[in-house]
Protein chains: 2
Amino acid sequence: MENTAKILNQKNLKATPQRIAIYEYLLGTGDHPTAETIYAALKPAHPNLSLATVYKNVASLKDAGLLMEFSLGGEGCRYDARTYEHAHVVCRKCHKVFDIDLPADTAEHKKTVSLMTNMDIDTCMMYYYGVCEDCWNK
Amino acid sequence: MENTAKILNQKNLKATPQRIAIYEYLLGTGDHPTAETIYAALKPAHPNLSLATVYKNVASLKDAGLLMEFSLGGEGCRYDARTYEHAHVVCRKCHKVFDIDLPADTAEHKKTVSLMTNMDIDTCMMYYYGVCEDCWNK
DNA sequence: TACAAGATAGTAATTTTTTTCATTTTCATT
DNA sequence: AATGAAAATGAAAAAAATTACTATCTTGTA
């Protein structure tokens, strides 16, 4: 059985071609696409994919913990399926998002936060905000 | 001159009653309200406030760096004007958001990230994801 | 292979956010 | 205090994003 399908099944999600395509697309891209972008990217190879299916799938994948949703500017929510923890650097002006390695180990932090909140904290996301070089020069 | 008005003027924003009200509301609340929630909260005291004005103001305040925008579930963007850095703890299931103190000092991290990216990083936001006690017990 | 649960496309409906624009307000300068 | 340019406002309309619905398929299991 193909690997992606197996992962989905382990999460009690059926491995439909659409879901596999959406998940693999997100795993493969370094961008942080919106639902619309995902749809546009996959439509050629999946001609009868519908936007509603994209939304339903990012929701189910998010609930399963396979991707993160976040929002920064006025372009709808963005999705990110990178499994390793990393930080996002966001330009306040143009809303570009870069990935960088975490500048610190978060394992200890997660333990601390778990104790503080009585929750089982599994993920830490860090966002750094500033103005990028391009926008400075304008 | 009143303090909030002064802050706004320093950011080249005109200190209109609506803008002052929105900003002070966000400074004062521990919640992470959506535009709609802000509107509903201020409408009684500002009867002819319009939702469009709320949107325009959170945008201008965000561009000025006076507040942060983020999104978690399917209820529109949330806004947070807390000036001190803090972390958000998010329940994956019910989307509740708690504020906690930062579990680590981020000054060093920001310097590191500034160097890595050639940006002037001024803010770090941390999000911890997990499942809260209430949702565990369901 | 058949079956039940789950997923899909397509569309409609809803919700959220942005734009438009005529009018009003702010604020630095007289 | 009056002036005027730039910015902000409210109301309505428009656009964009998201969800709901339904009849029809598919998946994964037995």
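Sequence lines set the chain letters: A, B, ... in the order given, protein chains first and strands last, and positions in each chain run from 1.
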I need the residues from residues 28-45 of chain B with at least one non-hydrogen atom less than 4.0 Å from DNA chain D; give them sorted by number, or say none. none
Distance test, side-chain N/O of A:Asn12 to OP1/OP2 of C:dG6, below 4.0 Å: no
Between C1' on D:dT27 and CD on A:Gln10, what's the gap in Å once rounded to a whole number? 17 Å
Rounding to a whole Å, what distance do you find between B:Ile7:CD1 and C:dT26:P? 18 Å
Among residues 15-27 of chain A, which contact DNA chain D at a heavy-atom distance under 4.0 Å? A:Ala15, A:Pro17
Centroid-centroid under 6.0 Å between B:Phe70 and B:Tyr127 rings: yes
Give the ring-plane orientation class for A:His88 versus A:His86, where under 30° counts as parallel, over 60° as perpendicular and anything between as tilted. perpendicular
Hey, could you give me each pair passing salt bridge (Lys or Arg N to Asp or Glu O under 4.0 Å) that has a residue in residues 23-38 of chain A? Not counting sequence neighbours. none
Residue met sooner reading DNA chain D from 5', once A:Leu51 and B:Leu13 are mapped to nucleotides: B:Leu13
For the atom pair CG (B:Asp80) and NE2 (B:His32), what is the distance rounded to the nearest 0.5 Å? 4.5 Å
Chi angles and distances behind the side-chain contact (heavy atoms from CB on, under 4.5 Å) call for B:Met126, B:Thr106: CA-CA 10 Å; B:Met126 302 174 82; B:Thr106 62; 4.3 Å; yes
Helical stems, DNA chain C - three or more consecutive Watson-Crick or G-U wobble pairs below 3.5 Å: C:1-30 with D:1-30
Taking only side-chain nitrogens and oxygens of A:Tyr55, does any of them come within less than 4.0 Å of OP1 or OP2 of D:dT19? no
Atom CD of B:Glu69 and atom C1' of C:dT17: how far apart are they, to the nearest Å? 10 Å
Can you list everything that forms a ring pair (Phe, Tyr, Trp, His ring centres under 6.0 Å) with A:Tyr25? Sequence neighbours excluded, please. none
Do B:Leu8 and B:Leu61 have side chains that approach each other closer than 4.5 Å (heavy atoms only, starting at C-beta)? yes
Heavy atoms, side chains only, cut-off 4.5 Å: are A:His109 and A:Ile121 in contact? no
Quick one: A:Leu8 CG to C:dA7 C1', roughly how many Å, whole number? 13 Å
State, yes or no, whether a side-chain contact exists between B:Val89 and A:Met116 at a heavy-atom distance under 4.5 Å. no
Can you check the B:Asn9 CG to C:dA28 C1' distance for me, whole Å? 11 Å
Less than 4.5 Å apart, any side-chain heavy atom of A:Met119 and any of B:Tyr128? no
So B:Glu85 and B:Lys110, do their side chains get closer than 4.5 Å, heavy atoms only? yes
Just how far, in rounded Å, is P of C:dT11 from CG of A:Asn48? 12 Å
All N/O contacts under 3.5 Å from nucleotides 21-25 of chain D to the protein, with atom names and distances to one decimal?
from: D:dC21; atom 1: N4; to: A:Lys56; atom 2: NZ; distance (Å): 3.2

Please examine the side chains of A:Thr37 and A:Arg78, heavy atoms only from C-beta on, and report whether any two atoms are closer than 4.5 Å. no
Using the side-chain heavy atoms of A:Cys77, tell me which of these nucleotides is nearest: D:dT27, D:dT18, D:dA8. D:dT18
Between A:Val97 and A:Leu102, is there a shared hydrophobic cluster once you connect ILVMFWY residues whose side-chain heavy atoms come closer than 4.5 Å? no
Grab the NE2-P distance between A:His46 and C:dA7 for me, whole Å please. 17 Å
For the side chain of A:Thr53, counting heavy atoms from C-beta on, which of D:dT18, C:dA9, D:dG10 is nearest? C:dA9
I need the minimum non-hydrogen distance between B:Ile22 and B:Val54, along with the two atoms involved. CD1-CA, 3.9 Å
Starting at NZ of B:Lys62 and ending at P of C:dT17, how long is that distance when rounded to a whole Å? 11 Å
